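In what follows, a single structure is set out as structure tokens and then discussed.
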There are 2 protein chains.
Amino acid sequence: MQRMTRQRSAVADVLDAVEDFRSAQQLHEILRDRGEGVGLATVYRTLQSLADGGEVDVLRTADGESVYRRCVRRGHHHHLMCRVCGATVEIDGPSVETWAAQMGAQHGFEDIDHTMELFGTCARCAAEGHRREGS
Amino acid sequence: MQRMTRQRSAVADVLDAVEDFRSAQQLHEILRDRGEGVGLATVYRTLQSLADGGEVDVLRTADGESVYRRCVRRGHHHHLMCRVCGATVEIDGPSVETWAAQMGAQHGFEDIDHTMELFGTCARCAAEGHRREGS
DNA sequence: GTAGCCGATGAGAACGATTGTCAAACGCGC
DNA sequence: GCGCGTTTGACAATCGTTCTCATCGGCTAC
């Protein structure tokens with residue numbers, strides 16, 4: 001059974017306050033800075049259980065790190081994430097879903113599931129980058 | 001410049017012989033069993049360079065391990081993989097590419113990249129499963 | 001209110017995939 | 001064959017994540 005503890009609600013609070021995808025380690029650091037120390041293992045455990053309950057979305061960055069975010073949209077949707085700052089836009093791919101099912105049927109596959117995420121550099125980070133290049 | 005060494009061609013050979021996605025560690029083990037010992041670090045390095053050159057496809061399993069495969073199709077494409085036996089079909093999603101670019105532009109993102117893989121149960125494994133259920 | 005059961009916590013160790021190190025080995029153009 | 005510069009490999013190091021286990025503290029029953 002699930003108990004409501006100081007740590008669990010602290011993690012939930014941070015997730016509510018932060019808009020972008022964050023790694024467990026980043027969240028752990030934020031909690032420390034806030035003065036609400038929560039053990040790293042606990043952060044991982046809490047995120048895991050929240051993810052299992054569909055409370056947060058998880059996805060893997062290009063370098064294999066898991067990042068978490070409380071999403072506004074419930075149910076299935078996709079993301080467009082800035083690979084620099086983590087800013088994220090929730091989107092859905094109306095055509096993707098049907099296309100996936102079609103492809104599956106065409107090759108005799110059942111229970112088609114799919115992963116699909118977009119990565120890019122958001123306007124702000126792109127500007128930042130260009131400035132640094134001293135164009 | 002790239003040199004042709006015993007190790008490099010050994011790795012390439014194994015990739016040619018194996019049809020499904022394999023992890024670096026699995027390939028390393030296969031090489032050892034074949035008697036063509038190749039250092040683990042070298043396997044990683046070789047796979048990396050092959051992947052950089054577009055010679056092999058890389059993707060990440062659900063548990064974060066990188067798996068490699070020599071694909072028939074050159075250039076960008078996607079996969080439909082059986083989650084039971086690992087059988088893989090190469091496919092492309094003509095509309096997905098343009099849709100991704102569109103979405104990126106629409107939200108002010110640059111250098112859009114995307115990941116997208118389909119998972120399902122192939123005809124054979126589905127039949128297997130149904131038989132086991134003893135319908 | 002409080003006793004006590006049992007899940008939750010946290011510090012640190014363990015883990016597993018991957019990458020870095022660096023001296024020795026070896027392709028390859030000469 | 002020579003020699004240079006890349007490649008190799010054993011091992012250490014890194015890094016995210018999970019495990020361990022003694023302790024803590026919600027929560028329910030009284």
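Values in this document were obtained by computation on a predicted structure and should not be read as measured data. Throughout, protein chains are lettered first and strands after them, A, B, ... in sequence-line order, and every chain is numbered starting at 1.
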Interatomic distance, A:Glu29 CD vs D:dT17 P [rounded to whole Å] = 14 Å
Has B:Thr42 got a side-chain N or O lying under 4.0 Å from the OP1 or OP2 atom of D:dG9?
-> yes
With sequence neighbours excluded, what pairs up with A:Asp92 under the salt bridge (Lys or Arg N to Asp or Glu O under 4.0 Å) test?
-> A:Arg73
Any residue meeting salt bridge (Lys or Arg N to Asp or Glu O under 4.0 Å) with B:Arg60, in chain and number order, not counting sequence neighbours | none
Would you say a side-chain N or O of A:Gln7 is under 4.0 Å from OP1 or OP2 of C:dA8?
-> no
Could you encode protein contacts along nucleotides 17-30 of chain C as a string, one character per nucleotide from 5' to 3', using B for base contact, S for sugar-phosphate-only contact and - for no contact, with a heavy-atom cut-off of under 4.0 Å?
-> SBBBB-----BS--
Partners passing salt bridge (Lys or Arg N to Asp or Glu O under 4.0 Å) against A:Arg22 (at least two apart in sequence or in another chain) = A:Asp20
Tell me who clusters with B:Leu47, hydrophobic residues only, linked when side chains sit under 4.5 Å apart either directly or through other members.
-> B:Val11, B:Val14, B:Leu15, B:Val18, B:Leu27, B:Ile30, B:Leu31, B:Val38, B:Val43, B:Leu50, B:Val56, B:Val58, B:Tyr68
Measure the distance from CZ on A:Arg22 to P on D:dG16 and round it to the nearest whole Å.
-> 15 Å
Do side-chain atoms of B:Glu90 reach the backbone of B:Cys71 as a donor and acceptor pair under 3.5 angstrom?
-> no
State which residues pass salt bridge (Lys or Arg N to Asp or Glu O under 4.0 Å) with A:Asp16; sequence neighbours excluded, sorted by chain then number.
-> A:Arg70
